[in-house]
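Written below as structure tokens is the structure these notes are about.
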Amino acid sequence: MSKKFILKRTIFWILTIIIILVVIGPLIWIYLTAFKSPNDIFTSELSRQFIFTPTLDNFKRLFTQFAFFGSLLNTIIISVASTIIVMIIAVPAAYSFSRWNTGGGHILFVTISTRMFPAVVAALPFFILFRNLGLLDTHIGLILLYMYFNVSFATFLLYGFFRDVPIELEQAALIDGYGRFNIFRKVVLPLVLPGIVTTSVFCLIWSWNEFLYAFLFTRSSAKTMTVLISSFWGSIEIQYGPMAAGAAIGVLPTLIAAWFMQRYIVRGLTFGAVKG
Amino acid sequence: MAGIKLENVSKYYGRKMAIDNLSFSCKEGEFFSILGPTGAGKTTILKMIAGIESITSGSIYFNDIKVNELQPHARNVSMAFETYNLYSHFNVYDNIAFPLRAPKWKLKLTKAEEKEKVTEIAKFLGIDVLLDRKPQHLSGGQKQRVALARALVRKPEIYLLDEPIAHLDAKLKFSTQTLLREFAIEYGSTILYVTHDYKEALALSDRMMILRHGKIEQIGTPEEIYYSPETDFAGRLVGEPPMNIIDGELIKDNKNTIFKVGDSFSYRLNKELASKAEKVSEKKGGKNSARMGIRCEDIKISKEKISENSFKLPIYAVVHEAESSIISFELKNTFMHSRISSGNKFKISENIWVDFDPERIFFYEKTMEISKF
């Protein structure tokens with residue numbers, strides 16, 4: 001082995017370890033803290049940071065003293081519902097943009113442009129609109145908002161996937177005796193299914209994690225998990241235990257999705273966006 | 001079954017002309033081939049007939065019924081694509097059965113009937129062992145036969161076959177060609193067949209059309225196309241080696257007309273040929289240039305003088321093929337090839353007697369450039 005090779009390897013591993021620490025560090029902290037008693041959380045002894053008697057107290061408190069279950073349910077309802085609606089709108093929209101260049105590119109641009117400004121810019125007008133419509137602190141309000149933000153993203157992503165389905169396949173099916181709707185159902189849909197799954201997961205994760213609008217637009221009845229977790233950071237004290245326990249549950253679906261679908265997502269993304 | 005008629009059909013992609021004012025008809029039950037080089041517009045014609053490509057102007061008729069505005073599925077044609085276009089999420093069986101299941105045809109086959117039809121056509125094309133495979137796991141030739149099977153499984157008004165055997169290996173190509181001919185005769189179906197291989201077109205067609213840059217060059221039976229090509233392009237496209245095209249000069253000498261190429265080669269034309277040559281000759285800078293065409297098998301060679309009109313040339317090359325030999329001669333601006341049954345007795349650089357069959361000499365207007373090699 002040459003010196004150059006060893007140097008290359010060393011640099012590679014140092015960088016890899018740094019990246020892994022940066023990514024996994026917070027997760028380790030969350031899961032360690034979630035199972036610690038307050039004494040272990042605030043200790044200054046380094047050994048007790050990692051070696052301690054695990055406890056489920058934080059989770060118990062989370063579900064008994066705080067309305068965590070309700071907020072988790074809110075998050076589930078809002079993210080799942082918004083994702084379903086987003087897909088119902090975005091799938092035909094993307095198909096139409098990719099096949100018939102509907103609107104000559106202008107409508108597609110307008111759709112995408114909704115993601116070109118910082119989300120907070122739209123917060124105030126939306127707030128006034130939602131207050132007047134009585135949509136503040138409602139499930140439907142947040143579902144509509146998330147739909148607004150995700151439709152553009154989903155349409156753009158799906159647009160790439162649909163463009164990768166050769167138009168000749170649809171022409172073949174037309175000649176084989178199928179109408180437009182059946183072609184979409186039997187030929188196009190099965191081929192873009194990886195893309196639809198990938199896009200849905202992205203939308204789901206985005207709405208699951210969304211904080212800013214949930215924080216501004218909900219108070220109690222539609223309060224989502226992210227907002228509840230943030231409330232543990234109070235003006236008087238920071239309740240690290242319940243906060244970590246809540247976060248531990250909150251990141252779980254995302255982690256599971258990423259774990260099981262990493263290949264699918266990477267393939268889906270390159271399949272859709274890069275080649276398109 | 002239906003006949004097809006195209007009337008003044010044009011197709012433009014933006015400003016680029018693909019098909020130029022094309023009119024032809026294909027009779028009911030006819031095997032009609034479209035032959036042309038890449039980019040001639042062959043596939044475009046099929047797609048326009050299928051209805052998946054719009055036409056810029058003109059009309060298409062099936063049995064005198066105008067189909068311009070009809071959707072592809074209302075035209076009742078089937079098509080085999082050169083690019084296969086197999087449904088990758090289906091296995092071979094489902095791919096072939098797909099047209100049979102289309103609601104449009106109202107076939108309503110039972111599972112058993114469907115299976116019978118699919119297996120029959122798959123067996124016919126020798127792909128019955130592949131029925132469970134996905135298209136991704138097939139070779140190019142297998143995919144092509146699946147695409148062909150999908151087109152042939154149904155009995156539509158018209159079959160449109162776009163280079164359906166182009167990607168098969170030579171042996172399979174030959175056997176599939178025979179099967180196609182058998183299929184055409186058995187079902188008496190109208191088949192529009194696109195190919196760039198003149199051998200396929202000659203072997204299969206009742207009639208064929210030569211297409212060049214979206215225009216018809218010649219329509220005729222394979223015999224007419226091969227034995228009396230109407231243009232230099234048609235002559236060059238059909239035949240291997242291609243028809244000898246010799247550019248020369250017409251010179252009047254006493255009462256004779258001589259076709260002269262450079263200083264080394266001159267050929268005396270009889271009256272009939274002379275008048276043919278005059279008709280298409282081009283006067284330029286005091287010269288009267290003409291283009292002669294003759295197929296390689298119509299050039300006789302011998303060590304002894306063949307006729308009054310024969311002339312002597314040195315041999316440039318001898319190439320032995322399986323059943324015959326090609327003898328080449330170098331002329332001023334081109335090579336001339338002659339096909340004879342055996343070239344064993346001839347040697348390179350040997351001066352031998354050459355003779356043209358005057359009945360088989362053509363004169364053409366110059367419509368294309370011929371490169372020496």
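Proteins get letters first, then strands, A, B, ... in listed order; numbering begins at 1 in each. Just so you know, these numbers come straight off a predicted model, no measurement behind them.
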Give, for atom [atom1] of [X] and atom [atom2] of [Y], the distance between the pair rounded to the nearest 0.5 Å.
| X | Y | atom1 | atom2 | answer |
| --- | --- | --- | --- | --- |
| B/Arg150 | A/Ile175 | CZ | CD1 | 9.0 Å |
| A/Asn182 | B/His73 | CG | NE2 | 10.0 Å |
| A/Glu168 | B/Leu86 | CD | CG | 12.5 Å |
| A/Asp176 | B/Lys104 | CG | NZ | 14.0 Å |
| B/Tyr87 | A/Lys186 | OH | NZ | 11.0 Å |

Flag yes if more than 12 heavy atoms outside [X] fall under 6.0 Å of its [atom1] atom; otherwise flag no.
| X | atom1 | result |
| --- | --- | --- |
| A/Phe117 | CZ | yes |
| A/Phe211 | CZ | yes |
| B/Lys117 | NZ | no |
| B/Tyr13 | OH | yes |
| B/Glu120 | CD | no |
| B/Glu116 | CD | no |
| B/Lys155 | NZ | yes |
| A/Trp100 | CH2 | yes |

| field | Residue part contacting chain A, namely of B/Phe81, when any heavy atom lies under 4.5 Å | value | side chain
| request: Examine whether an atom of B/Tyr84 lies under 4.5 Å from a heavy atom of chain A, and if so say whether it belongs to the side chain, the backbone or both; otherwise answer neither. | output: neither
| remark: If you tally heavy-atom pairs under 4.5 Å between each of B/Pro103, B/Ala74, B/Ala80, B/Ala50 and chain A, the highest tally belongs to B/Pro103
| query | For the candidates B/Arg101, B/Glu53, B/Arg154, which exhibits the highest count of non-hydrogen atom pairs separated by less than 4.5 Å from chain A? | reply | B/Arg101
| task | Decide yes or no for B/Lys47 and A/Gln171: does some side-chain heavy atom of the first lie under 4.5 Å from some side-chain heavy atom of the second? | result | yes
| said: Are A/Leu191 and B/Ser88 packed together at the side-chain level, in the sense that at least one heavy-atom pair is separated by less than 4.5 angstrom? | reply: yes
| query | Which pair of heavy atoms, one from A/Tyr178 and one from B/Phe98, lies closest together, and at what distance? | reply | OH-O, 2.6 Å
